[in-house]
Participant: 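Before anything else, here's the structure in question.
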Amino acid sequence: MLFNRRNCPLAAAEAAASLDAVSRGRNVRFIGIAVLAALVAGGCGAATSTTPAGSDEAGGGTTAAQAAAATTGPEAPPTSAAPTSQPLPTSQTTTAVPVADAADSGPDPFEVNLLLARTLNLGATLEVAKDETWAQDIGPADFVAIAQQGFTAVRIPIRFSDWAQSEPPYVLDEEIFLRVDAALEAARSNGLTAIIDLHNYEEMSQNPEAHRARLIAMWRQIANRYRDSPTDEVVYELLNEPNSALTSQLWNPILAELVDAVRGEDPRRTIIVGPTDWNDNLALSELILPDDNNLIVTFHYYSPFRFTHQGASWIAGSDAWLGTRFNPELNDAGAIIDAEFADVAQWADQQSVPVFLGEFGVLEFADPADRLAWVRWVREAADQHGFSWGYWDWASPGMGLRNNETNSWDLEAMNALMPG
Ligand code: BGC
């Protein structure tokens, strides 16, 4: 059966209402469970699909993946949370799992994934190269505002490669650590879980063998630096969007090596890993998960690409895409998203891993109503499968939710993300 979000129209709104109600209490673990509780209360059963999807130039198509499971345990909220015996919004009911940090091997990744339920990517901050000028200042007040908008987590894209020596031992500059420390502290004090995302290491994708040791050395240092952070406050993401020469054949063994390197420093931290082709869902079928029980799988979603990236300044020829519409009433654009997300859920069920939709977003050049419809459609698809999600992004030009001149928020897009 093809799972259709319209089977369950109230669930997302109820989830949003619950999230809004509890987010002010700053109990992020409760928030994640409340979202699931609301989905369950909305009568949103799970379903899977084997329906192949069509594809577009960004990669729409068939594949697979998961559904997050839920949890209860000693720290679960009292009666308002989902009872353990209730079915979960996933295609596979799971048994109760221990709360974070209950076991020596670290927290349960499904539970950590609940903390990432509504993540905001902090684009245009620490991802910016040293010699570029488009970085936005981000300070404590911004984290307060992000939490107030209802986000549960922030994904911090960081261009670590700009701050590491180019030769062994590839030492990272203390300056970048101080900046990351400040961001983590601001996130923590606002109840936001933080993802340390190693971003924009394009040299790694262009020439993997030349950069492999450097990437591993950077992660040893990062994991050593943050090994004492609580595991529900900090999560690692090893490499944003491996692509080009970094094929699955190369990436799979490097990924295993990276996880081993991190575990040597920080055995209990949840680690986010993703497939090649810019974290494309279609490449999940080629991803070999490292042998580790504390992983979350990520994918990025920008399909139809000519719609979301119309007019993108960094993509040659994208001006020709201006005017591309997203209209699920007239064509199969929405059904393709649904089918692809169902495939992701199915793959993840088979692998028993939780899923984080780490990036999705659309440029401001798209038709305004289409843009909101796409954001809502994708976000609902993620919610319905129990994927946590991260919107791209906070402040980058053309995609950010925050207007950098007026310091105001795009409230319509916020409503598409978190109605109510
Ligand atoms: C890139 C951004 C880009 C976004 C959407 C991110 O991973 O780092 O530069 O705007 O994807 O394409």
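In this text the structure is predicted, and so the values were computed from the model without any measurement. Ligands are counted one by one from 1 in listed order, and the atoms in each one are counted from 1 as well.
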Participant: Apply salt bridge (Lys or Arg N to Asp or Glu O under 4.0 Å) to Arg225 and list each qualifying residue two or more places apart in sequence or on a separate chain.
Facilitator: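 Per chain and number, Arg225 pairs via salt bridge (Lys or Arg N to Asp or Glu O under 4.0 Å) with Glu174, Asp181.
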Participant: Cut-off 3.5 Å, side chains only: do Asn407 and Arg402 have a donor facing an acceptor?
Facilitator: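 Note: Asn407 and Arg402 side chains meet the donor-acceptor criterion.
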Participant: Would you mind running through ligand 1 and noting each atom that sits below 4.0 Å from a heavy atom of Asn240?
Facilitator: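 The list of qualifying atoms is 7 (O).
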Participant: Applying a 4.0 Å heavy-atom criterion (strictly less than), which segment of Asp393 is in contact with ligand 1: side chain, backbone, both, or neither?
Facilitator: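 None of Asp393 does.
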Participant: So is Trp278 in contact with ligand 1, going by heavy-atom distances below 4.0 Å?
Facilitator: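 In this structure, Trp278 fails to qualify as a contact of ligand 1 - no heavy atom is under 4.0 Å.
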Participant: Checking Arg269 against Tyr236: charged group under 6.0 Å from the ring centre and within 45 degrees of the axis?
Facilitator: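 Pair Arg269/Tyr236 counts as cation-pi.
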Participant: Polar contacts were defined as any N/O atom of the residue lying under 3.5 Å from an N/O atom of the ligand; does this apply to His199 and ligand 1?
Facilitator: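 Yes, at least one N or O pair falls under 3.5 Å.
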Participant: Please enumerate all residues that pass side-chain contact (heavy atoms from CB on, under 4.5 Å) together with Asn293, with sequence neighbours excluded.
Facilitator: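 Partners of Asn293 by the side-chain contact (heavy atoms from CB on, under 4.5 Å) criterion, ordered by chain and then number, come out as Ser105.
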Participant: So, for Thr276 and Thr247, which heavy atoms are closest and what is the spacing to 0.1 Å?
Facilitator: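 Where Thr276 meets Thr247 most closely, the heavy atoms are CG2-C, 3.7 Å.
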Participant: So is His309 touching ligand 1 or not, going by heavy atoms under 4.0 Å?
Facilitator: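 Under 4.0 Å: yes for His309.
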Participant: Against heavy atoms of Asn200, which atoms of ligand 1 measure under 4.0 Å?
Facilitator: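 Going through ligand 1 atom by atom, the ones under 4.0 Å from Asn200 are 8 (O).
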Participant: Please name the residue in the list Tyr302, Tyr391, Trp377, Phe299 that meets the ring pair (Phe, Tyr, Trp, His ring centres under 6.0 Å) test with Phe360.
Facilitator: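 The option that passes is Tyr391.
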Participant: Looking at Asp393 and Ser396, would you say the former's side chain and the latter's main chain have a donor-acceptor pair under 3.5 Å?
Facilitator: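 Such a contact is found between Asp393 side chain and Ser396 backbone.
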Participant: Could you tell me, atom by atom, which parts of ligand 1 come under 4.0 Å of a heavy atom of Glu241?
Facilitator: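 Per the distance check, 7 (O).
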Participant: Provide the number and element of each atom of ligand 1 under 4.0 Å from a heavy atom of Glu127.
Facilitator: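 It comes down to these atoms of ligand 1: 8 (O).
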Participant: Which part of Glu359 is near ligand 1, with near meaning a heavy atom under 4.0 Å away: side chain, backbone, both or neither?
Facilitator: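 Side chain only.
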Participant: Of all the non-hydrogen atoms in the protein, which one sits nearest to atom 2 (C) of ligand 1, and at what distance?
Facilitator: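 Result for atom 2 (C) of ligand 1: Trp392 CZ2, 3.6 Å.
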Participant: Run the ring-centre check on Trp392 versus His300 and record whether the distance is less than 6.0 Å.
Facilitator: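 Not under 6.0 Å, so no.
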Participant: Counting heavy atoms only, which part of Trp314 comes closer than 4.0 Å to ligand 1: side chain, backbone, both or neither?
Facilitator: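 The side chain, only.
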